[in-house]
Colleague: 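One structure, as structure tokens, below. Some questions next.
Reminder, nothing fancy here: chain letters follow the sequence lines and each chain counts from 1. Atoms considered below: every heavy atom in the structure, side chains included; atoms not considered: hydrogens, waters and symmetry mates.
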Amino acid sequence: MGFPPVDDQLAVLMRGVADLVPEDALREKLEHSRKTDTPLRVKLGCDPSRPDLHLGHTVVLRKLRQFQDLGHQAVLIVGDFTGMIGDPTGRSKTRPALTLKETREHGRSYFEQAANVLDPDRTEIRYNSEWLDEMSFSEVIELAAQHTVARMLEREDFKTRYEAGQPISVHEFLYPLAQAQDSVEIQSDVELGGTDQRFNLLVGRHIQQAEGQDPQVCLMVPLLEGTDGHEKMSKSLDNAIGITEAPEEMYGKVMSVPDALIYRYTELVTDTPLDALPDVKAQAKANPRDAKHNLAHAIVRMYHGEDAADAARDHFEKTVVQGDTPDDIPVFTPESGNGTMGLLNLMTEAGLTESNSEARRLIKQGAVTIDDETVDNWRHSVDLDADLPFVLQVGKRRYARVEAPTSA
RNA sequence: GGGCAGGUAGCGAAGCGGUCAAACGCAACAGACUGUAAAUCUGUCGGCUAUGCCUUCGUAGGUUCGAAUCCUACCCUGCCCA
């Protein structure tokens, strides 16, 4: 058995890392681990309130996987306890407290998706209600006594809110402590998280120290930008690429990412080997189009396999680059086959537009074609007997094949 | 419990008796441009077979020829005082 040499491990583990605190503690931990032949316990907390994973989440999951592949122990903490309480101060008013059952379900769903990245057989899953729910009030006070308000105010968002006279609920101070307690319970050696988790991860160190444990190393990965190229990837910002999305969808979305992010994506969310990364960097600059195709292919392959990735590339070439009509477009059959039908209604009923008004606008903008011929009159109606079938296209991406009700 | 400030389209934010389906910004959508993009430019962005009509400005009533704009009650949010 035994672990690979520490320098080799570090080479893998430091890929794409945004920050490491303290700097040299990881090396020490790894050396100790190798000497004693004991795997490191690497903790990652997940929020079960949003079970749909996207590429942004995979950055940190991939990091955890790298630890696994080197023989270390992954510990996935499902934050079911905090999920149960909910977060009443969150911006979103409607964030209902989930039941234990729901958080468990979300946790399972999260894990199923995470299994695309992690090695599920070597992942220890823990629910933090296991210990947090058992704490008495005096224990909570004891925990809270380990940290000072001044320290809490070191956190940027607390600080700015406090200075701006905005409210901070007391319980908000408790969340970082709860997360820190998780680290104590599972005796983590390393905790992973995005750079936005910095403060919480550091609190973990303090509390572990107070409990007499060797404090964990905090390893932070960057927050991946979404398809818009600026904001961090997030479902609510509508710039996310979900890992369960269809291959074509995924491929297209990756292609829509700005060129500047090709290398970053490659480094953070693909399994492109370390020594190939410099080439990617060079190619991204010299030939962004091909580099991005490679990236899209690599990403789709990881979640759907080689064949699906090839198919997705062909699909993209054909429909987007050449502007051809895709093969598998949805078929719409008008309800009644009598006489004529207004195009507006047809578009709306086929689900291509939200309303007739939207349909009319799009026609006026020259965005609607029937069998590749642009429709310029919004009063256009189609003869349900003579004109069918035809392909109706709205904008670049919305299609329907309109067929007669009785046609075979 | 008291005082004050607010609740406007997906979000942010103007409007404060008529010309408001409601400025402006962001997002979104479409067109042009490109290597897919990004950036940029142009346009659209409540609904309706439509030079008009209908439903919207926290909720419910009321005053007015006419209300997002005034009045009353209620709900909600934030700040301040106790």
Side-chain angles (χ1 to χ4, degrees), chain A residues 55 88-95 160-169 225-241 247-266 283-300 309 312-324 326 334 339-349 351-369 372-383 392-399:
Chain A
L55 285 181
T89 54
R91 295 263 166 81
S92 50
K93 331 160 194 176
T94 50
R95 186 174 170 187
T160 50
R161 278 162 65 192
Y162 183 70
E163 284 172 355
Q166 288 174 332
I168 302 172
S169 300
E225 290 81 0
T227 51
D228 61 90
H230 301 287
E231 300 292 333
K232 71 168 181 180
M233 188 175 285
S234 132
K235 209 179 170 192
S236 53
L237 291 174
D238 203 32
N239 64 358
I241 304 175
E248 294 80 16
E249 210 42 39
M250 213 178 219
Y251 199 98
K253 283 192 180 181
V254 175
M255 289 304 287
S256 79
V257 168
D259 288 356
L261 290 174
I262 295 173
Y263 178 72
R264 193 167 167 80
Y265 268 59
T266 306
Q283 192 195 21
K285 205 163 191 178
N287 191 349
R289 187 181 51 117
D290 290 348
K292 207 188 288 185
H293 271 290
N294 289 343
L295 172 65
H297 190 272
I299 290 175
V300 174
R313 174 162 50 200
D314 291 346
H315 182 268
F316 185 85
E317 279 293 339
K318 208 166 134 193
T319 60
V320 183
V321 179
Q322 292 170 36
D324 283 359
T340 61
M341 182 174 187
L343 183 56
L344 299 184
N345 286 326
L346 180 63
M347 287 165 67
T348 304
E349 278 176 34
L352 297 175
T353 47
E354 295 271 325
S355 67
N356 286 10
S357 292
E358 187 193 353
R360 176 167 35 76
R361 274 179 231 126
L362 289 165
I363 293 174
K364 280 182 176 172
Q365 295 183 111
V368 179
T369 62
D372 291 330
E373 275 193 48
T374 304
V375 180
D376 48 14
N377 175 16
W378 61 269
R379 291 172 186 274
H380 183 83
S381 44
V382 295
D383 188 320
L392 181 59
Q393 180 180 4
V394 178
K396 281 177 197 147
R397 311 193 64 187
R398 284 171 267 179
Y399 293 93

Colleague: Once you apply the 3.5 Å cut-off to both distances, tell me the Watson-Crick or G-U wobble partner of B:C41, or none.
Modeller: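 Base-paired to B:G31.
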Colleague: Select from A:Gly366 and A:Lys292 the residue whose nearest nucleotide in RNA chain B is closer to the 5' end of that strand.
Modeller: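 Looking at the nearest nucleotide for each, A:Gly366 comes out on the 5' side.
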Colleague: Kindly determine whether A:Glu358 and A:Arg398 satisfy salt bridge (Lys or Arg N to Asp or Glu O under 4.0 Å), including the steps that lead there.
Modeller: CA-CA 14 Å; A:Glu358 187 193 353; A:Arg398 284 171 267 179; 3.6 Å; yes
Colleague: Paired with B:A73 by Watson-Crick or G-U wobble geometry, both distances under 3.5 Å: which nucleotide is it?
Modeller: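 Matched B:A73 with B:U59 under the 3.5 Å cut-off.
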Colleague: From B:U36, B:A50, B:G31, pick the nucleotide closest to the side chain of A:Ser357?
Modeller: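 The answer is B:A50.
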Colleague: Working note: A:Thr340 + A:Val382, criterion side chain to side chain contact (heavy atoms under 4.5 Å, CB included); need CA distance, chi angles, decisive distance, verdict.
Modeller: CA-CA 5 Å; A:Thr340 61; A:Val382 295; over 6 Å; no
Colleague: Of A:Glu354 and A:Gly395, whose nearest nucleotide on RNA chain B comes first from the 5' end?
Modeller: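 It is A:Gly395, whose closest nucleotide lies nearer the 5' terminus.
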Colleague: Expressed in angstrom and rounded to an integer, what is the separation of A:Glu358 atom CD from B:U44 atom P?
Modeller: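 A:Glu358 atom CD is separated from B:U44 atom P by 15 Å.
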Colleague: Using atom C1' of each nucleotide, how far apart are B:A27 and B:A73 to the nearest Å?
Modeller: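 Each nucleotide's C1' atom is 38 Å from the other's.
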Colleague: Given the rule in the side chain to side chain contact (heavy atoms under 4.5 Å, CB included) test, do A:Leu343 and A:Ser381 qualify, once you have shown the distances and angles that lead to the verdict?
Modeller: CA-CA 5 Å; A:Leu343 183 56; A:Ser381 44; 5.9 Å; no
Colleague: With rounding to the closest Å, how many angstrom separate the C1' atoms on B:A21 and B:C57?
Modeller: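 Those two atoms are separated by 10 Å.
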Colleague: Measure CG/A:Asn294 against P/B:U36 and give the value in whole Å, please.
Modeller: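 Checked: the CG to P distance equals 17 Å.
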Colleague: Among B:A37, B:U36, B:G35, find the nucleotide with the atom closest to the side chain of A:Lys396.
Modeller: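 The listed nucleotide nearest to A:Lys396's side chain is B:A37.
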Colleague: Please report, rounded to the nearest Å, how far the P atom of B:U36 is from the CG atom of A:Asp290.
Modeller: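 So the two atoms are 13 Å apart, to the nearest Å.
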Colleague: Using the C1' atoms only, state how far B:C80 lies from B:G66, rounded to an integer number of Å.
Modeller: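 Their C1' atoms lie roughly 39 Å apart.
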Colleague: Quick one: look up who B:C24 pairs with, Watson-Crick or G-U, both distances under 3.5 Å, and put none if it's unpaired.
Modeller: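 WC or wobble partner is B:G12.
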Colleague: Considering only atom C1', compute the distance from B:G7 to B:C74 and round it to an integer number of Å.
Modeller: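 My reading of the C1' atoms in B:G7 and B:C74 gives 14 Å.
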Colleague: Measure CG/A:Asn377 against C1'/B:U49 and give the value in whole Å, please.
Modeller: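 Value for this atom pair: 11 Å.
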Colleague: Let's test this: given Watson-Crick or G-U wobble pairing with both distances under 3.5 Å, identify the partner of B:G78.
Modeller: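 Its partner is B:C4 (Watson-Crick or G-U wobble, both distances under 3.5 Å).
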Colleague: Does a nitrogen or oxygen in the side chain of A:Arg361 sit under 4.0 Å from OP1 or OP2 of B:G47?
Modeller: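 So the side chain of A:Arg361 is within the cut-off, an N or O lying under 4.0 Å from OP1 or OP2 of B:G47.
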Colleague: Using whole Å, what does the distance between atom P of nucleotide B:A38 and atom CZ of A:Arg289 come to?
Modeller: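 Spelled out: CZ on A:Arg289 to P on B:A38 is 17 Å.
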Colleague: For A:Asn356 and A:Thr348, which I'm curious about, is there any donor-acceptor pair between the side chains at under 3.5 Å?
Modeller: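 The answer is yes; a qualifying pair exists.
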Colleague: Hey, are A:Tyr251 and A:His293 close enough side-chain-wise for a donor-acceptor pair under 3.5 Å?
Modeller: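 Yes, side-chain donor-acceptor contact under 3.5 Å.
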Colleague: Assess whether a salt bridge exists between A:Lys232 and A:Glu225, defined as any Lys/Arg side-chain N lying under 4.0 Å from an Asp/Glu carboxylate O.
Modeller: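 A:Glu225 and A:Lys232: not salt-bridged.
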Colleague: Taking NZ from A:Lys364 and C1' from B:C45, how many angstroms apart are they, rounded to a whole number?
Modeller: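 Between C1' of B:C45 and NZ of A:Lys364: 13 Å.
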Colleague: Taking the C1' atom of each, how far is B:A50 from B:C41, in whole Å?
Modeller: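 It works out to 31 Å between them.
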Colleague: Tell me which nucleotide among B:A30, B:G35, B:C48 gets nearest to the side chain of A:Asn356.
Modeller: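 Nucleotide nearest to A:Asn356's side chain: B:C48.
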Colleague: CG of A:Asn239 versus P of B:C29: gap in Å, rounded?
Modeller: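 From A:Asn239 CG to B:C29 P: 12 Å.
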Colleague: Taking atom types as they are modelled, would you say the side chain of A:Asn287 forms a donor-acceptor pair with the base of B:G35 within the 3.5 Å cutoff?
Modeller: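 Answer is no: no donor-acceptor pair is held.
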Colleague: With rounding to the closest Å, how many angstrom separate the C1' atoms on B:C4 and B:U56?
Modeller: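 That atom pair is separated by 30 Å.
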Colleague: At less than 3.5 Å, do the side-chain atoms of A:Gln365 and the base atoms of B:G31 form a donor-acceptor pair?
Modeller: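 Check fails, no donor-acceptor contact within cut-off.
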Colleague: Could you walk me through whether A:Asn287 and A:Arg289 pass side chain to side chain contact (heavy atoms under 4.5 Å, CB included), step by step?
Modeller: CA-CA 6 Å; A:Asn287 191 349; A:Arg289 187 181 51 117; 4.0 Å; yes
Colleague: Give one of base, sugar-phosphate or nothing for A:Arg398, where a contact means two heavy atoms less than 4.0 Å apart.
Modeller: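 Sugar-phosphate, no base atom in range.
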Colleague: Between C1' on B:U36 and NE2 on A:His297, what's the gap in Å once rounded to a whole number?
Modeller: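 My rounded result for the distance is 16 Å.
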Colleague: State which of B:C29, B:A37, B:U36 makes the closest approach to the side chain of A:Leu362.
Modeller: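 Taking heavy atoms from C-beta onward, the closest nucleotide is B:C29.
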Colleague: In whole Å, what separates the C1' atom of B:C33 from that of B:G43?
Modeller: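 The answer is 15 Å between these two C1' atoms.
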Colleague: Could you measure between the two P atoms, the one in B:G46 and the one in B:U40, and give it in whole Å?
Modeller: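 It works out to 24 Å between them.
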Colleague: Does A:Ser355 put a side-chain nitrogen or oxygen below 4.0 Å from OP1 or OP2 of B:C48?
Modeller: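 Looking at the OP1 and OP2 atoms of B:C48, one of them is under 4.0 Å from a side-chain N or O of A:Ser355.
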